[in-house]
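Each remark here refers to the structure printed beneath this line.
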Amino acid sequence: MNAVANIIKIVCVDLAKCGDQWGAAAFMHATDCNFTIRSYSTDPSAAIRQLMRIVQHVQRVTLALRSWQEGRVTFTRCTYANEIDKYVFTYSDSSNDDAYVCAIAVSEHSEDAVEIVLGERPALALEAKAILRDKGYTVHMVEENEDGRMS
């Protein structure tokens, strides 16, 4: 796997009326992962502008990490976590039975800050923190409490 594998591409964009709102969706692809980014507004052009802003933010974060352990750490999934209102990227260590390295959460409201949730490979997650800080992001390391909640 090369560095290009961590770059997320737009497959297609859709716009549809959803009640009184317009929903814009970008269907995304990265290596073996497909996911959707959505935006809603009462104005169709605003929905598209907001969608493209979010897509570019997601692409910038993954592009910043493209050199991270090239050929070893891979982007495996992107999901939207409603409870924290953020997109969450999951990274794995392909050289170690795809061990969970970390999750990186990005907000659609703050383009200069990210959160990193440590996984099974904390040293690699700390490398991601250093890379993102070098690229100008404010990075917050998130840890799980004893009751399983994040802090």
Side-chain angles (χ1 to χ4, degrees), residues 1-16 18 23-40 47-151:
M1 179 165 304
N2 60 28
V4 176
N6 281 337
I7 298 174
I8 296 174
K9 300 175 186 173
I10 299 173
V11 175
C12 68
V13 176
D14 189 24
L15 178 68
C18 306
F27 303 95
M28 310 296 289
H29 175 75
T31 314
D32 296 323
C33 171
N34 295 309
F35 60 95
T36 303
I37 294 176
R38 298 182 191 281
S39 176
Y40 296 94
I48 292 287
R49 279 192 309 275
Q50 172 69 4
L51 174 72
M52 295 315 294
R53 189 183 65 73
I54 298 166
V55 165
Q56 289 172 347
H57 178 42
V58 166
Q59 288 175 320
R60 277 192 303 271
V61 171
T62 58
L63 189 60
L65 292 170
R66 77 181 183 273
S67 64
W68 180 27
Q69 292 290 323
E70 187 174 321
R72 181 174 176 189
V73 177
T74 58
F75 174 86
T76 55
R77 171 176 83 193
C78 177
T79 56
Y80 185 78
N82 286 324
E83 59 279 355
I84 61 172
D85 195 30
K86 295 180 180 176
Y87 287 93
V88 179
F89 314 132
T90 304
Y91 286 87
S92 298
D93 183 349
S94 62
S95 69
N96 186 9
D97 293 326
D98 290 324
Y100 166 59
V101 171
C102 68
I104 298 176
V106 298
S107 171
E108 54 190 291
H109 307 293
S110 174
E111 295 185 18
D112 63 345
V114 297
E115 295 177 344
I116 299 178
V117 180
L118 295 174
E120 299 168 353
R121 306 296 306 248
L124 290 174
L126 292 174
E127 286 181 27
K129 176 182 178 181
I131 291 168
L132 290 168
R133 279 205 173 145
D134 287 347
K135 297 291 184 179
Y137 290 94
T138 301
V139 181
H140 174 69
M141 299 301 285
V142 179
E143 296 181 20
E144 244 183 273
N145 293 331
E146 290 177 10
D147 60 3
R149 290 187 295 179
M150 301 295 169
S151 65

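None of the values given here were measured: they were computed from a predicted structure.
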What's the spacing between [X] [atom1] and [Y] [atom2] if we round to 0.5 Å?
X: Glu115; Y: Ile84; atom1: CD; atom2: CD1; result: 6.5 Å
X: Ser107; Y: Ile54; atom1: OG; atom2: CD1; result: 9.0 Å
X: Tyr80; Y: Asp85; atom1: OH; atom2: CG; result: 3.0 Å

I'd like to check [X] versus [Y] (side-chain heavy atoms, cut-off strictly below 4.5 Å). Are they in contact?
X: Ile10; Y: Gln59; answer: yes
X: Phe35; Y: Arg77; answer: no
X: Val58; Y: Met28; answer: no
X: Met141; Y: Leu126; answer: yes
X: His140; Y: Val142; answer: yes
X: Ile104; Y: Leu65; answer: yes

Heavy-atom closest contact ([X] atom, [Y] atom, distance):
X: Tyr87; Y: Cys78; answer: CD2-SG, 4.1 Å
X: Tyr91; Y: Thr76; answer: N-OG1, 4.1 Å
X: Ala125; Y: Ile116; answer: O-CD1, 4.1 Å
X: Val88; Y: Ala103; answer: CG1-CB, 3.7 Å
X: Tyr100; Y: Leu118; answer: CE2-O, 4.0 Å

May I ask you to decide if [Y]'s main-chain N or O and [X]'s side chain share a donor-acceptor pair within less than 3.5 Å?
X: Asp93; Y: Ser95; value: yes
X: Ser39; Y: Ala24; value: no
X: Arg38; Y: Gly23; value: no

- [ ] Report yes or no: do Gln56 and Arg53 form a side-chain donor-acceptor pair below 3.5 Å?
- [x] no
Task: Full working for side chain to side chain contact (heavy atoms under 4.5 Å, CB included) between Arg60 and Lys135 - done: CA-CA 10 Å; Arg60 277 192 303 271; Lys135 297 291 184 179; over 6 Å; no
TODO: Would you please classify the geometry between the Tyr137 ring and the His57 ring as parallel, tilted or perpendicular, with 30° and 60° separating the classes?
DONE: tilted
TODO: Step through the shown structure and confirm whether more than 12 heavy atoms of other residues, nucleotides or ligands are within 6.0 Å of CG on Asp112.
DONE: yes
- [ ] Apply side chain to side chain contact (heavy atoms under 4.5 Å, CB included) to the pair Leu51 and Val13, showing each step before the final yes or no.
- [x] CA-CA 9 Å; Leu51 174 72; Val13 176; 3.9 Å; yes
